[in-house]
Amino acid sequence: MTEQAKYDPQTIEPQWQQRWDEDALYRAKVDWSKPKYYALTMLPYPSGDLHIGHWFAMTPSDARARFMRMRGYNVMFPMGFDAFGLPAENAAVQRGIHPATWTHANIERMRGQLRSMGAMFDWERSAVSCEPEYYRWTEWFFKQFYENGLAYRNEALVNWSPTLQTVLANEQVIDGKDERTGQPVIQKLLTQWFFRMTKYTDELLDYEGVDYPEPIKTMQTNWIGRSEGAKVIFHTEHGDNPIEIFTTRPDTLWGATFMVLAPEHALVDVITTKSQRQAVTDYVAEAASQTEIERSSDDREKTGVFTGAYAVNPVNGERIPIWIADYVMISYGSGAIMAVPAHDERDFAFARKYDLEIRPVIHPDDAGEDFCVNEAYAGAGKLIHSGRFDGTFSNGEKGRKNPAISAVLDWLKEQGYGEESVNTRLRDWLISRQRYWGAPIPIVYRRDGGAEAVPDDQLPVTLPEDVKMTGAGNPLAQSDAFVSATGSDGHPARRETDTMDTFMCSSWYWFRYLSPHDNQHAFDAEEAAYWLPVDTYTGGAEHATMHLLYARFFTRAMRDLGMFEEAQSIMSEHGRDPDVLNMGEPWLKLRNQGQILGEERQGDFIRASGRWEGATKLFADVVDVIDAREIGEMGEPDPLAMAQLIGGTPTAEDAQAGMIVGEIVKRTENLLTVDVGNGRLKTIEVIADAQVSIPTIPGVNTVNQLKHHLEIQRMSKSKGNVINPDDWVQNVGADTVRAYLMFGFDWSKGGPWDSKGIKGPRRWLDDVWELVVNRSADGAGDAATERQVEREVHQTILKVTNDLENFSFNTAIAAQMSLKNTVQAAVRDGKLSADGLREALRNMLLLMAPVVPHIAEELWSRMGFEYSIHQQAWAVYDAAKAAEDVTTLVVMKNGKPIDRIEVAIDISEDEAKQIALASDGAKRVLNGDAPKRVIFIAGRGAQNVEPKVNIVI
RNA sequence: GGGGGAGUGGCGGAAUUGGCAGACGCGCAUGACUUAGGAUCAUGUCUCUUACGAGGUGAGGGUUCGAGUCCCUCCUUCCCCA
């Protein structure tokens, strides 16, 4: 064996990457003679180093894009950076680096790292959202929306830090405090820019024509939260102030015994009586310090304050008190509700606490007089205490499906008290951010107060470079050069200092990939006509609601503003149906991957001492963790040896005295399950102020670190469990890392990285290398083996094709490993001819090419085939060659296998039953008796399901 | 709190309409080769049982000739929340 004959990924991978680059192998160019395929994967945020999570998201997507290409599609697979956002600004504040400097340095580094993946990214189509040539168009889109009534200004609650005089993002607020300074944060109303997303509510609920995972559709549907009900107008008792409420249960209007306004409701100030003013003011201030998630939590005690004012219930003229309470949100519906404690859980809890009347108005058939005493009743029944509607049946459902609601809706409209209405949880998209590192909103405010858009020829409004980043206030507002502008009236004007939410940048980036340097249009219509829409979009499921919904809204808005019309007419010219763009769906198929977690920590030993409670539970106040690696050096982990190592002896006396030494097998919070040897398990509860020592975490450790240390965790720098893909590329090669990520996990689920498990895929590649480079076959081969190899080759082609189609990467690779095992054994036993081996290897390499592009190319070239393997047609499946001659008939007793017999593949039902009943297994279990029933289950050859006969006794 | 996932060997995971549970890989065990082994090769590896055999997919119930898969109740755990 020569030196060269060894598989050396570190040498061949960069060589092929360079060659592909030089040959522009992955340039995606419009070619109307070929079917197109636009494969898109979510673009990364340039946070610093490329993370193994990026590899996990991108390399399977790349493999599938390559697979589609080999199947004859003209594939575009672009990559870019979502480069505006908070981390760059944090870096600026903390380290005094300008966000642009920080971001561009990160992008440069990550581009280099991305190249080492060997992905088929077309770098000519790259886009970076923080560059003026990109955000010019982000601004342009805003303008288009603004000029067409899709963007407007309104007041909204924001997280406001009084200390920093700045608005904070939700992720900057932890437990009601600024995460950086620990200062309190309050909720404050501020004028903000919105996109009229709710205009598209009904369309966003429609998934006709797109292929999304069911859970994503469910999540989006729940997120949008469409509910049918009624708007009803109440008035304050003197009839002076109307209060609009929304209810999904207008059939319970007669049970409204009070009203509740959100603390931020505009009327609160107006209607509060003098005697209640102080209490109300205090309560409003208190509510401002709570986040909406806290406020909407059901298990928290309901609180509220009486305003002193009364309203009149229009349906029965009753006078009912008006309260304010933080469980009513200003942002949902009209920020006011009628409270029907008898039939609503939250109203019930509130009424109970403040001793308000609970009046049942729906009487279930089987109930006595005492229902609605202990809990709210939301089921079906007849209306009572409801005037003319007494006796009407309410089936407990919402909307017109409920006859009582339907009747009341009609009556409300007739009387002019209210009308049928639909409410959604989805709100308009708040795009304003009071921050520097984002696309500026291209608006100026004239001296007369009017707002106007910046003319197109002045776009983009660029970010000023000389700003001070202190973390306090908005740097743009502090830049006079930025703020001062001139209005269309020629007078000085003030520039808008809000920038846009970064979700705005990521709502259209796949359009920019079409023509990233076009300075006349956001995207080129010729390119769009060919490539749009995106065929497959892959990325994390954590974007199920926000990013994906924004993008779906955005694309529909673009459609309605006529932005696809030119592309559509070009499509028609080329005989392509332009209707696909009328859906307004950005992508036709969506698939999500899971998350790669830090390496699992296992086999850690522990020494704990404390006080016994009972025979198996120890309350520990001193806990030492012993690193698993130390144990490894000792060979067999044995509690006695362990005890010596760490200076304890788990003798009966020690155990009696409250000491445990053993292996941690499970952890839940601060409860550890410890194996003290021979599978005997003890429970240790680590007390809150225990003295903890963990060798890998320097300094004083606490029980909290213990919890984290033993957890399978998201990777983070602070936990020291980050897997750096560069190291692994160095160790085992990019192909192995790619193969491992695709093989070792359920892609949609993710899981913990396992640095030992990666050996498997590397061995696979080593073995294939060996077969191609260092093994040869001669002679005629064994006919049966030749046939078996050929059969398995074609079965594998079918399986890999289906699996890649279905994003089932792990099984696609498992099948290829199996085939390799078969071929390897046949070669070893000298039963394969040279031709047989060559044909098997040719197909194997074609199947491998999408997953492990470098080694496939190298071996393809060494076998003397034409460059490049990535330009070859996919392996061709031949059903005749894949067909089996024989199969196994499984004989079962009551569904449990009792015997197996080799039979012809096309065995008939009668034959199978006969053979089964005559089998040894059947004779044994029947013992001469007749079976109750005999059931034949036909085999399904293509799916590897054997025929079966189930004998029921 | 609301919403959405997921629970299968020591581990990652497989099982396409309900039809041989544990493919493939890691780890482990035994043997071979070796100065050496975190290399390589061979064989084995769900549990109990000497065997025959029996049991087994988070727990409990149900439907079915047959359930990891369908239905009900419960438990655990992960993700998302403008």
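Since this is a predicted model, take the numbers as computed values, not measurements.
If you check B:C20, B:A54, B:C26 against the side chain of A:Lys756, the one that comes closest is B:C26. Residue A:Pro215 places its side chain closer to B:G5 than to any other of B:G38, B:G5, B:G13. Closest approach to the A:Asn222 side chain among B:A14, B:G25, B:G3 is made by B:G3 (side chain taken as heavy atoms from C-beta onward). Nearest nucleotide to the side chain of A:Lys799, out of B:C20, B:G3, B:U16: B:U16. Considering only side-chain atoms of A:Pro761, the nucleotide from B:G25, B:A14, B:G4 that sits closest is B:G25. Comparing B:C26, B:C20, B:C24 by their closest approach to the side chain of A:Phe743 singles out B:C24. Of the listed nucleotides (B:A23, B:A39, B:A14), B:A14 has the atom at the smallest distance from the side chain of A:Asn810.
Here the P atom of nucleotide B:C41 and the NZ atom of A:Lys820 are 8 Å apart, to the nearest Å. A:Arg427 has its CZ atom 13 Å from the C1' atom of B:G2, to the nearest Å. To the nearest angstrom, P of B:C24 lies 22 Å from CZ of A:Arg762. Per the geometry, CD1 belonging to A:Ile937 stands 11 Å off C1' belonging to B:G18, to the nearest Å. For A:Phe745 and B:A6, the CZ to P distance is 18 Å, given to the nearest whole Å. The nearest whole Å value for the distance from the CZ atom in A:Arg425 to the C1' atom in B:C80 is 11 Å. Straight-line distance from the CG atom of A:Leu549 to the C1' atom of B:G4: 14 Å, rounded to whole Å. For the pair A:Asn806 CG and B:A15 P, the computed distance is 10 Å after rounding to whole Å.
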Atom pairs under 3.5 Å: protein N/O with N/O of nucleotides 42-49 of chain B:
unit_1: B:A42; atom_1: OP1; unit_2: A:Arg828; atom_2: NH1; d: 2.6

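Nucleic acid contact class of A:Asp501 (heavy atoms, under 4.0 Å, all strands): none. Using a 4.0 Å heavy-atom cutoff across all strands shown, A:Gly540 reaches no nucleic acid atom at all. Contact annotation for A:Asn950: base contact, defined as any heavy-atom pair under 4.0 Å involving a base atom. Within 4.0 Å of A:Lys749, counting heavy atoms only, lie sugar-phosphate atoms of the nucleic acid but no base atom. At the heavy-atom level, A:Arg763 lies under 4.0 Å from the strands shown only through sugar-phosphate atoms.
Residue A:Lys948 is the one, among A:Ser818 and A:Lys948, whose nearest nucleotide of RNA chain B lies closer to the 5' end (criterion: closest heavy atom). Heavy-atom distances to RNA chain B give each of A:Glu214 and A:Asp767 a nearest nucleotide, and the one nearer the 5′ end belongs to A:Glu214.
Counting only distance, with no hydrogens or angles, the side chain of A:Asp899 and the backbone of A:Ser919 share no donor-acceptor pair below 3.5 Å.
Residues A:Trp753 and A:Tyr740 bring their aromatic ring centres within 6.0 Å. In this structure, the ring of A:Phe554 has its center less than 6.0 angstrom from the ring center of A:Phe145. Here A:Phe503 and A:Trp429 keep their ring centres 6.0 angstrom or further from each other.
Contact record, A:Asn154 with A:Tyr152: CB-CE1, 3.7 Å, taken as the closest heavy-atom pair. When every heavy atom of A:Tyr200 is checked against every heavy atom of A:Ala557, the shortest pair comes out as OH-CA, 3.6 Å. Taking all atoms of both residues into account, the shortest heavy-atom contact from A:Ile951 to A:Ala922 is CD1-CB, 3.7 Å.
Classification of B:G9 as syn follows from a glycosidic angle within 90° of 0.
A salt bridge does not link A:Asp767 to A:Arg763: none of the charged side-chain nitrogens sits closer than 4.0 Å to a carboxylate oxygen.
Checked by distance alone, A:Arg933 brings no side-chain donor or acceptor within 3.5 Å of a matching partner on the base of B:C65.
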